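Chain letters run A, B, ... following the sequence lines, proteins first, then strands; residues in each count from 1. Bear in mind that the values here come from a model prediction, so they are computed numbers and not experimental data.
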Amino acid sequence: MTTSRQPRTLYEKIWDEHIVVPQTEHNPAVLYIDLHLIHEVTSPQAFSVLRSRGLRVRRPDKTLATLDHSTPTKADLLYSNMPPGPAREQVKTLIANCEEFGVPIYDLTSQHRGIVHVIGPEVGATQPGKTIVCGDSHTSTHGAFGALAFGIGTTEVGHVFATQSLLQRKSRTLAINVEGALRPGVTAKDLVLAIIGNIGVGGGTGHVIEFRGAAIEQMSMDSRMTVCNMSIEAGARAGLIAPDDTTFDYLHGRPQAPEGSEWEKAVQRWRDLVTDTDAHFDKSVTIDANAVAPMITYGTNPGMVIPIDGVVPENGGDKAFNQALAYMALEANRPLLGKPVNVVFVGSCTNSRISDLREVADVLKGRKVADAVRMLVVPGSQATKKQAEAEGLDKIFISAGAEWRESGCSMCLGMNGDNVGAGEYSVSTSNRNFEGRQGVGARTFLASPATAAAAAVTGVITDPRTLA
Amino acid sequence: MQPIKKIESRTVVLVNKDIDTDQIIPARFLTTTQREGLGAHAFAEWRFDKNGELRSDFVLNTAAAADCKVLVAGDNFGCGSSREHAPWALLDFGIEAVISTSMADIFRSNALKNGLLPIVVDENTHQFLISHPGIDVTVDVAARELRFDAQVIEFELDDFSQYCLLNGVDELGYLLEQQASIEAWENERS
């Protein structure tokens with residue numbers, strides 16, 4: 001263990017605390033993992049490795065499974081009604097694997113089921129200072145709690161199953177200081193899109209980002225999760241935000257959070273999880289929150305993004321850029337405002353939490369989804385669904401003409417039956433506008449829940465600040 | 001994993017930067033519970049047209065690309081999703097090394113664990129390779145060298161990964177040998 005008095009970043013503190021075997025010039029460190037989240041898509045091949053080598057899951061008590069990616073979101077397609085085919089087999093395989101290896105699972109009948117990065121925090125399993133991994137790149141979401149959380153491949157899922165550890169090399173550190181305050185009508189999603197536009201989709205490669213500054217401190221946990229969620233879209237290994245009273249208030253009383261005197265001790269420990277004054281970051285970027293507008297993507301990666309009232313830029317010589325505009329059927333130097341859309345999707349691990357749904361309901365209340373638009377609202381978890389229904393949000397969505405679904409990844413990625421059609425334009429609150437991500441030939445505009453809702457009711461790309 | 005010492009092949013060039021793992025293997029093919037057979041769907045969005053026919057104008061479908069084991073691609077290759085299906089698909093398709101100016105972290109890690117070599121080179125080398133598609137290259141794992149056209153370019157490969165590649169060792173075996181330390185670590189904290 002490190003006893004150094006050197007000032008350390010939050011990342012370095014969590015890293016040091018989890019070193020089983022230190023990194024050397026030749027070998028990577030053995031890093032202990034506190035929480036391993038799994039889902040149906042990236043785990044089956046790892047369970048197969050355990051089986052073929054006669055290994056068990058070392059710590060089922062630190063493992064938690066859910067069903068989200070290939071799981072349908074239509075109530076009548078769930079349970080035994082899931083249509084025959086590979087997705088059904090995948091769901092059944094996870095349930096069977098969890099039973100065989102003793103891993104707790106929120107299965108299709110569980111009230112806790114939902115998107116893996118929504119339920120971890122919701123049940124209080126995500127806690128400050130923990131190391132958290134999942135075979136999913138958006139594991140960075142949990143960094144909002146001051147946990148070191150990152151996505152891994154399936155081979156590594158097998159490593160964590162068998163040893164509760166991973167071979168890792170220390171990342172470099174990137175501080176993103178967000179000064180000032182977001183203006184009214186501008187959200188965490190707009191901020192993170194602006195950050196990715198600023199540093200680029202490879203700008204965080206090799207780094208762990210710590211988001212800091214007044215604008216971050218003022219954010220709710222839902223907003224912080226949106227920001228950390230998209231760290232990976234800048235290429236970063238993980239995103240982190242130091243825990244504070246907002247974090248502790250969120251976690252207090254959640255099913256897996258410590259209780260009683262244990263809670264007090266935990267909070268005391270968590271208060272040390274801040275970057276020391278004078279700690280060194282390998283890189284720093286400063287963003288002025290006051291200057292951020294509602295943002296929307298125009299291309300085929302999340303870094304191809306503009307303020308909603310801007311115009312599509314030009315970049316004559318670049319093949320990928322031109323291919324992106326051709327795929328999107330957009331022209332340079334033209335605005336996106338007023339562009340008709342076919343689909344609006346509210347959901348995904350980026351924006352499917354209760355505050356996102358409330359923002360959408362605020363816009364939809366007393367309005368109708370435009371005739372030409374198909375709108376899906378997909379809660380991030382069954383618990384979020386229940387909460388939204390208790391608040392009557394479902395009635396607002398349904399009477400406006402939107403579809404209200406069971407929880408899951410849904411239209412974020414085309415593998416569960418919820419797709420955007422070829423050539424169709426969607427405004428989506430998800431995280432990736434890659435070619436074909438929402439379905440073969442689908443054209444995605446990434447934006448905030450408020451911008452998505454504004455497009456739904458007007459039928460065209462609209463600045464949400466102009467809807468009274 | 002089979003030991004990998006040397007890869008000798010012509011190159012095929014995909015000049016686009018930021019090629020994400022959704023392009024390498026689209027999500028709709030991830031409902032499999034196996035790792036085999038994904039090569040048939042590698043770059044599906046770019047290789048096939050609406051009717052599922054091979055696009056003759058896409059470089060990976062050309063005769064010149066047949067049997068190429070080395071892919072030269074634009075900056076930030078493998079960004080996006082952590083799906084290990086991406087290196088599985090590339091290997092199954094016949095690609096054994098990818099050369100770019102940078103590689104996404106998770107893709108790089110996944111690639112090495114499957115014996116797919118992620119090779120990061122400088123701008124000049126990259127430009128040369130892009131402007132000479134089909135050139136014969138040798139990837140020498142032991143020497144950490146990329147050789148072509150009388151040029152020798154050193155690439156970064158950490159000792160541990162190099163050892164695993166050269167000896168066909170998988171990391172799980174190494175981690176399992178650390179069980180005593182892991183147990184001691186757990187006991188200290190429980």
Exercise for the section: Flag the pair A:R53 and B:D170 as a salt bridge only when some basic side-chain nitrogen lies within less than 4.0 angstrom of an acidic carboxylate oxygen. Expected result: yes

Exercise for the section: Check whether any side-chain heavy atom of A:Y32 lies under 4.5 Å from a side-chain heavy atom of A:E17, and answer yes or no. Expected result: no

Handout entry: Side-chain touch B:R144/B:E154, heavy atoms, less than 4.5 angstrom
Key = no

Practice task
Tell me, out of B:Q179, B:Q162, B:R108, B:Q178, who's got the most heavy-atom pairs with chain A below 4.5 Å.
Solution key: B:Q179

Handout entry: Parallel, tilted or perpendicular: ring planes of B:F128 versus B:F148, cut at 30 and 60 degrees
Key = parallel

Fill in the blank from the handout: Smallest heavy-atom separation, B:G80 atom then B:T21 atom, equals C-OG1, 3.9 Å

Practice task
Output, in order, the C-alpha distance, side-chain angles, deciding distance and verdict of side chain to side chain donor-acceptor pair (under 3.5 Å) for A:Q438 and A:S428.
Solution key: CA-CA 9 Å; A:Q438 295 194 290; A:S428 177; 3.2 Å; yes

Problem - Portion of B:D75 that has a non-hydrogen atom of chain A nearer than 4.5 angstrom - result: neither

Exercise for the section: Taking atom types as modelled, find out whether B:Q127 and B:N124 have a side-chain donor-acceptor pair closer than 3.5 angstrom. Expected result: no

Handout entry: Among the listed options A:T300, A:N431, A:L167, A:V91, the residue most often paired with chain B at heavy-atom distances under 4.5 Å
Key = A:L167

Fill in the blank from the handout: Pair count under 4.5 Å, heavy atoms only, with chain B: among A:V49, A:V201, A:T24, A:L94, highest is A:V201

Exercise for the section: Tell me the residues of residues 36-57 of chain B whose non-hydrogen atoms fall below 4.5 Å from those of chain A, in number order. Expected result: B:E45, B:W46

Completion exercise
Looking only at A:E25, A:E89, A:E233, A:Q323, the option with the highest number of non-hydrogen pairs under 4.5 Å against chain B is A:Q323

Handout entry: Residues B:E84, B:K113: salt bridge by 4.0 Å N-O rule
Key = no

Fill in the blank from the handout: Most heavy-atom pairs under 4.5 Å with chain B, out of A:T205, A:T155, A:N416, belong to A:T155

Handout entry: Matching residue for B:L117 among B:V98, B:I99, B:L165 - test: side chain to side chain contact (heavy atoms under 4.5 Å, CB included)
Key = B:L165

Completion exercise
Pair count under 4.5 Å, heavy atoms only, with chain B: among A:E156, A:H138, A:E40, A:H69, highest is A:E156

Handout entry: Sidechain-backbone polar pair: A:R237 side chain, A:G151 backbone, donor-acceptor under 3.5 Å
Key = yes

Practice task
Would you check if B:H132 and B:T11 make a side-chain contact, meaning some heavy-atom pair closer than 4.5 Å?
Solution key: no

Handout entry: Part of B:Y174 lying under 4.5 Å from any heavy atom of chain A
Key = side chain

Completion exercise
If one checks every heavy atom of A:R432 against chain B at 4.5 Å, the contacting part turns out to be side chain

Practice task
Check whether B:D159 gets within reach of chain A through its side chain, its backbone, both or neither, counting any heavy atom under 4.5 Å.
Solution key: both

Problem - Salt-bridge present (B:R83, B:D22; N to O < 4.0 Å) - result: yes

Practice task
With a 4.5 Å cut-off on heavy-atom pairs, point out which of B:I106, B:N16, B:L175 contacts chain A the most.
Solution key: B:L175

Fill in the blank from the handout: One option among A:S70, A:P28, A:G235 has the most heavy-atom pairs under 4.5 Å with chain B, and it is A:P28

Handout entry: chain A interface, residue from B:P87, B:P26, B:S81, B:S109 that has the most non-hydrogen pairs under 4.5 Å
Key = B:S81

Handout entry: Expected output: side-chain B:K5 to main-chain B:L166 donor-acceptor under 3.5 Å
Key = yes

Completion exercise
Most heavy-atom pairs under 4.5 Å with chain A, out of B:N76, B:N110, B:D105, B:L176, belong to B:D105

Completion exercise
Okay, A:F434 and chain B: the region with an atom under 4.5 Å from a heavy atom over there is both

Handout entry: Backbone N/O of A:G408 and side chain of A:D68: donor-acceptor pair under 3.5 Å
Key = no

Practice task
Under 4.5 Å heavy-atom distance to chain B, tell me which part of A:V21 shows up: side chain, backbone, both or neither.
Solution key: side chain

